[in-house]
Peer 1: 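Sharing a structure here in structure tokens format.
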Amino acid sequence: MMTVFRQALLCLLLLWLPVSWAAEPGWLRSPDNDHASVRLRADTSVAGETRLLLDVKLEDGWKTYWRSPGEGGVAPSIAWKGEMPTVDWFWPTPARFEVANITTQGYHDRVTFPMMVRGRSPATLSGVLTLSTCSNVCLLTDFPFSVTPTAEDPTFAHDYAQAMGQIPLASGLTDSLHAGARAGELVVEAQRAAGWTAPGLYLDAVDDADFAMPQIQVDGETLRATVPVHDGWGEGAPDLRGKSVTLVLADNGVAQESRLAIGEAPASDNASLPLWQVALMALLGGLILNLMPCVLPVLGMKLGSILLVEEKSRRQIRRQFLASVAGILVSFMALALLMTVLRLTNQALGWGIQFQNPWFIGVMVLVMLTFSASLFGWFEFRLPSAMTTSLATHGGNGLSGHFWQGAFATLLATPCSAPFLGTAVAVALTASLPTLWGLFIALGLGMSLPWLL
């Protein structure tokens, strides 16, 4: 019995949390996250200074985050215990990760964060490090720690100097640096006499703005980075003009951190695409909209109306389809008018912006459910005979109803992102107003092609 008791006690000691964290000398591990190890060291070898090093080791395929994680993730943080003076946390130059069109900024494999305590440090530093690590899943782990500053670590000075060497400099990389904003984009331009090899741009968060993957173009000494901007709720891009942004620009092992006032960016050149190519993309994008799940049922209903109704002349059917085409074109011109008004009033622009409103989505769901239930024969709308006759004959055999079918199809198309559509809409929203109207009419013509056929 005593032997069993001793074995049970030994197992409890082995499973005890602090013991499991200290299984590797100086390193902390959590039983909730075996993909990361952390270590905190404190040094007082320099008179009047307490320097810290936070080491993080990650398994292959795992990453943690920079102070501004990007479109996802949580930055590492420490909740200090007791009365603690201000601690300056220095951040090495990060790397960029993109998964499922979500871009983040952080570190993989191993990273060391140097820190400096401003003021008199307590005899023992204790707190909780909260670390987010991600692979196919993300884990948010707390690491309680307690460390006593010492001057007896012979490797600390070397490790601290090496870690500080990874911190971006305040100058020395660029000869000039500017930032400007326009509709939905931040544009960063930099000049460097030595040219650019493999540049990278990393941005701190600005208010409620999220920055997507920068598109970097290099032309000799000039670098231009175009960064898509949106807010965290998908309700359009905030206006960044007049605000400030902190960014890190890196190239070939050298990094520079700068804080810039955001001015007005030049009008988009849309990657120098010829207008005829963009117009062709608009036609193709509008055509492919008919194959999207949003629109295909409406086109099927339209074709079904021909097959199920007898004794209709070709002339009458053509007039009905032309009425639907008119509904599509007028709807796209209405969208162009809406975009024009939004631009002139400096509001956010976007394709299908109404589908970002939960009330609008709720109404559309009710409409579609009502239509579906009626088609399944669950109930019928019975109108007075006089109204039925009026609707059937109004506009020449009910052409107004077919017009609104086309308008309804356009409304359902706006949340879809068909191939080629994104480029055409992006050009339209940043081009001149005549070009905007021309491209939206081209979208309408492209969507109308099956109906015209």
Peer 1: Return the minimal non-hydrogen interatomic distance between Ala123 and Thr148, and the atom names on each side.
Peer 2: O-CG2, 3.6 Å
Peer 1: To the nearest 0.5 Å, what is the distance between NZ on Lys57 and CG on Asp109?
Peer 2: 12.0 Å
Peer 1: Answer yes or no: is there a donor N or O on one side and an acceptor on the other, between the side chain of Trp196 and the main chain of Glu221, under 3.5 Å?
Peer 2: yes
Peer 1: Quick one: does any side-chain atom of Gln105 pair with a main-chain N or O of Leu203 as donor and acceptor, under 3.5 Å?
Peer 2: yes
Peer 1: Can you find a pair of side-chain heavy atoms, one from Arg192 and one from Leu223, that are under 4.5 Å apart?
Peer 2: no
Peer 1: Yes or no on side-chain contact (heavy atoms from CB on, under 4.5 Å) for Leu129 and Leu40, after CA distance, side-chain angles and deciding distance?
Peer 2: CA-CA 10 Å; Leu129 166 68; Leu40 189 69; over 6 Å; no
Peer 1: Of all heavy-atom pairs between Glu59 and Asp34, which one has the smallest distance, and what is that distance?
Peer 2: OE2-O, 3.2 Å
Peer 1: Rounded to the nearest 0.5 Å, how far apart are CG of Asp204 and CH2 of Trp66?
Peer 2: 4.5 Å
Peer 1: Nearest 0.5 Å, please: how far is NE2 in His108 from NZ in Lys63?
Peer 2: 10.5 Å
Peer 1: When you look at CZ of Arg120, are more than 12 heavy atoms from neighbouring residues, nucleotides or ligands closer to it than 6.0 Å?
Peer 2: no
Peer 1: State, to 0.1 Å, how close Leu177 and Ala190 come at their nearest heavy-atom pair, and which atoms those are.
Peer 2: CD1-CB, 3.5 Å
Peer 1: Would you mind reporting whether His230 and Pro228 have side-chain heavy atoms less than 4.5 Å apart?
Peer 2: no
Peer 1: Quick check for you: to the nearest 0.5 Å, what is the distance between Ile262 atom CD1 and Arg241 atom CZ?
Peer 2: 11.0 Å
Peer 1: Could you tell me if the side chain of Ser45 sits less than 4.5 Å from the side chain of Arg51, heavy atoms only?
Peer 2: yes
Peer 1: Which pair of non-hydrogen atoms, one from Ala198 and one from Asp251, has the smallest distance, and what is that distance?
Peer 2: N-OD1, 2.7 Å
Peer 1: Contact between Val38 and Phe145 at the side-chain level, heavy atoms closer than 4.5 Å - yes or no?
Peer 2: no
Peer 1: Distance check, rounded to the nearest 0.5 Å: Trp437 atom CH2 versus Phe332 atom CZ?
Peer 2: 13.0 Å
Peer 1: State, yes or no, whether a side-chain contact exists between Val56 and Phe113 at a heavy-atom distance under 4.5 Å.
Peer 2: yes
Peer 1: Which atoms form the tightest heavy-atom contact between Leu186 and Phe211, and what is the distance?
Peer 2: CD2-CE2, 3.8 Å
Peer 1: Should we say atom NZ of Lys243 is surrounded by more than 12 heavy atoms from elsewhere, each under 6.0 Å from it?
Peer 2: yes
Peer 1: Could you tell me whether the side chain of Leu247 reaches within less than 4.5 Å of the side chain of Leu260, counting heavy atoms only?
Peer 2: yes
Peer 1: Taking everything shown except Asp175 itself, do over 12 heavy atoms lie less than 6.0 Å from its CG?
Peer 2: yes
Peer 1: Applying the side chain to side chain donor-acceptor pair (under 3.5 Å) test to Thr103, which of Glu98, Arg96, Glu71 qualifies?
Peer 2: Arg96
Peer 1: Heavy-atom count around Asp88 CG within 6.0 Å, excluding the residue itself: above 12?
Peer 2: yes
Peer 1: Start with the C-alpha distance between Ser146 and Thr124, add both sets of side-chain angles, then the distance that settles side-chain contact (heavy atoms from CB on, under 4.5 Å), and finish with yes or no.
Peer 2: CA-CA 7 Å; Ser146 181; Thr124 300; 3.2 Å; yes
Peer 1: For side-chain contact (heavy atoms from CB on, under 4.5 Å), just list the numbers for Val147 and Arg41, CA-CA rounded to whole Å, side-chain angles, deciding distance to a tenth of an Å, and then say yes or no.
Peer 2: CA-CA 7 Å; Val147 61; Arg41 293 178 284 167; 5.7 Å; no
Peer 1: Using only heavy-atom distances, determine whether the side chains of Asp159 and Thr112 contain a donor-acceptor pair under 3.5 Å.
Peer 2: no
Peer 1: Rounded to the nearest 0.5 Å, how far does CE of Met213 lie from CG of Leu201?
Peer 2: 11.0 Å
Peer 1: Could you give me the CA-CA distance, side-chain angles and deciding distance for Leu125 and Met84, then say whether side-chain contact (heavy atoms from CB on, under 4.5 Å) is met?
Peer 2: CA-CA 8 Å; Leu125 303 174; Met84 187 69 185; 3.4 Å; yes
Peer 1: Where do Thr104 and Gly72 come nearest, in terms of heavy atoms and distance?
Peer 2: CG2-O, 3.5 Å
Peer 1: Heavy-atom distance under 4.5 Å between the side chains of Tyr202 and Pro168, does that happen here?
Peer 2: no
Peer 1: If you look only at pairs with a residue in residues 146-167, which of them pass as a ring pair (Phe, Tyr, Trp, His ring centres under 6.0 Å), with sequence neighbours excluded?
Peer 2: Phe156-Tyr160
Peer 1: Taking the side chain as C-beta and beyond, is there a heavy-atom pair between Leu131 and Asn33 under 4.5 Å?
Peer 2: no
Peer 1: Checking Trp62 now: which residues fulfil side-chain hydrogen bond (donor to acceptor under 3.5 Å, both in side chains) with it, not counting sequence neighbours?
Peer 2: His35
